[in-house]
There are 2 protein chains.
Amino acid sequence: MSCDTDSVAVLRRAEMKLTPQRLMVLSALRHAQGHLTAAEIFEQVRAAYPYVDISTIYRTLTALRTMRLVTETDMGSGDLAYEWVQERPHHHLICSGCHRVLELDHGYLERLGDDLARDLDFEADLHHFAIFGRCAACRPAAAPAASPGL
Amino acid sequence: MSCDTDSVAVLRRAEMKLTPQRLMVLSALRHAQGHLTAAEIFEQVRAAYPYVDISTIYRTLTALRTMRLVTETDMGSGDLAYEWVQERPHHHLICSGCHRVLELDHGYLERLGDDLARDLDFEADLHHFAIFGRCAACRPAAAPAASPGL
DNA sequence: ATCGCAACTGCAATCAGTTGCACAAGCGGA
DNA sequence: TCCGCTTGTGCAACTGATTGCAGTTGCGAT
């Protein structure tokens, strides 16, 4: 079964109309190694379909997100990061100092999700989190605890 | 010690210049019951100081966030929510169905923070998280597990 | 009190993302 | 194959947030 056939099946299952624009957005996302911004998706789709509008890209991404086929995450870069939902969720740690992005295994959020479900009957969307903070290299030595908060 | 004196002390400690605009932004935040949007802060400050510009509000909020005096959170409403940092962090669960906002005790994120520090030497900023998902009332009965992801 | 410097601000332009509207197109039913 | 209806799209305007620039101002040093 080819990728395009998969895309068709995905849209059918989601009861969304098959349009050339959507098929190309799906293709861009599914073939990507990692995250894409809306602008990157737009560029790729436009290469093959010059009539497409950026608002269509956003609408398609929003629809896919609603269908839980795509994650949308603010990675702190200024625009949102989109990614085809993977079988096992993963997350990122993002250092506010050096801006390095580390991948974080789902196990760390999995227990949080279990706790929220058990204690509060809340089904959290924990597909793709970005957690900001500071890595060891960027923390001041002997960080003073005088500041408010942590 | 009055609130204004506190604000002066806060800015001095942060080595930021004392400007009328900043003192008013601080005042708005510290007197707020809960979160405020940038537009709300702007309206309050402008009532007393008509010359202020919205870009100054954003710059001040960014500076305060950098100093960890204010939290900035995307609560999904369309604009960002700002709040004076409290002694004990708190978080929110936000239902994607009914848009109800529940307050979440820090204990749920505290362990996550501890794990990240211990295992990955990463000091996470876990002051004010918004976790999206679905409450019991909005989940379809017997939610099918066929969809990708959770 | 004055001066000079660096930080700060207002303004206008810009950007990423959203939305209303009118027209186009996908597709189910006949 | 055709038709009609509903969904989808392109366009332009809009919104929340950001940024470059020139002028203003807070404040430390004298």
Side-chain angles (χ1 to χ4, degrees), chain A residues 4 7-26 28 35-46 48-67 69-82 99 130, chain B residues 4 7-26 28 35-46 48-67 69-82 99 130:
Chain A
D4 288 346
S7 295
V8 165
V10 161
L11 287 173
R12 283 197 193 290
R13 202 184 308 137
E15 295 188 345
M16 292 166 68
K17 288 187 174 178
L18 306 177
T19 69
Q21 299 93 333
R22 284 178 174 172
L23 292 170
M24 290 180 227
V25 168
L26 279 179
H35 320 118
L36 288 172
T37 66
E40 289 166 338
I41 296 168
F42 179 53
E43 287 314 312
Q44 282 188 47
V45 172
R46 199 166 61 174
Y49 195 90
Y51 325 98
V52 75
D53 192 76
I54 185 68
S55 60
T56 298
I57 306 296
Y58 278 105
R59 285 184 173 122
T60 302
L61 290 170
T62 297
L64 294 173
R65 185 163 52 90
T66 301
M67 302 307 302
L69 298 165
V70 153
T71 60
E72 172 192 276
T73 310
D74 181 352
M75 309 283 285
S77 67
D79 25 15
L80 295 169
Y82 296 89
H99 307 295
Chain B
D4 287 346
S7 296
V8 166
V10 162
L11 288 173
R12 283 198 193 288
R13 201 182 311 136
E15 294 187 346
M16 292 166 64
K17 288 190 173 176
L18 306 178
T19 69
Q21 298 93 331
R22 285 177 174 176
L23 291 170
M24 290 180 227
V25 169
L26 279 179
H35 318 118
L36 288 173
T37 65
E40 287 167 338
I41 296 168
F42 179 52
E43 287 315 310
Q44 283 189 46
V45 172
R46 198 166 61 174
Y49 194 90
Y51 325 97
V52 74
D53 193 75
I54 185 66
S55 59
T56 298
I57 305 297
Y58 279 104
R59 285 185 173 121
T60 302
L61 289 170
T62 297
L64 294 173
R65 185 163 52 90
T66 300
M67 302 307 303
L69 299 167
V70 154
T71 59
E72 172 192 277
T73 309
D74 181 352
M75 308 282 285
S77 67
D79 26 13
L80 295 169
Y82 296 89
H99 308 293

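The sequence lines fix the lettering, A, B, ..., with proteins before strands; numbering per chain opens at 1.
In this structure, CG in B:L36 is found 5.0 Å from CD1 in B:I41, a value given to the nearest 0.5 Å. Taking CG of A:L23 as the start and OG1 of A:T60 as the end, the distance is 10.0 Å to the nearest 0.5 Å. If you take OG1 on A:T56 and OH on A:Y51, they are separated by 14.5 Å, rounding to the nearest 0.5 Å. Remark: A:S7 OG to A:R22 CZ distance equals 12.5 Å, nearest 0.5 Å.
One atom, CG of B:D53, and another, C1' of D:dA22, lie 14 Å apart when rounded to the nearest Å. Here D:dC27 presents its C1' atom at 13 Å from CZ of B:R22, a figure rounded to the nearest Å. Computed from coordinates, the B:M75 CE to D:dG16 P distance equals 17 Å when rounded to whole Å. Here the P atom of nucleotide D:dG16 and the CD atom of B:E43 are 11 Å apart, to the nearest Å. To the nearest angstrom, P of D:dT9 lies 11 Å from CG of A:L18. In this entry the distance linking CG of A:D79 with C1' of D:dT18 reads 13 Å, nearest Å.
Using a 4.5 Å heavy-atom cutoff, the side chains of A:L26 and A:L64 are in contact. Side-chain contact check for A:M24 versus A:V52: every heavy-atom pair is 4.5 Å or farther apart.
Counting any heavy atom pair closer than 4.0 Å across all strands shown, B:T19 reaches sugar-phosphate atoms only and no base atom. Among the heavy atoms of the strands, none lies under 4.0 Å from A:I54.
Donor-acceptor pairing under 3.5 Å, judged by distance alone, is absent between the side chain of B:K17 and the base of D:dT25.
One finds a side-chain N or O of B:Y58 lying less than 4.0 angstrom from the OP1 or OP2 phosphate oxygen of D:dA17. The side chain of B:R59 contributes no N or O atom lying less than 4.0 Å from OP1 or OP2 of D:dT18.
Residues that satisfy the side-chain hydrogen bond (donor to acceptor under 3.5 Å, both in side chains) test with A:D53, not counting sequence neighbours, are A:S55.
Note that the two end axes of the helix from C:dA1-D:dT30 to C:dA30-D:dT1 enclose an angle of 30°, each drawn from 5 base pairs, rounded to 10 degrees.
Along DNA chain C, the stretch of nucleotides lying under 4.0 Å from any heavy atom of chain A spans, 5' to 3', C:dA16 to C:dC27.
In terms of position along DNA chain D, the nucleotide closest to A:P20 lies nearer the 5' end than the nucleotide closest to the other residue of the pair B:R12 and A:P20.
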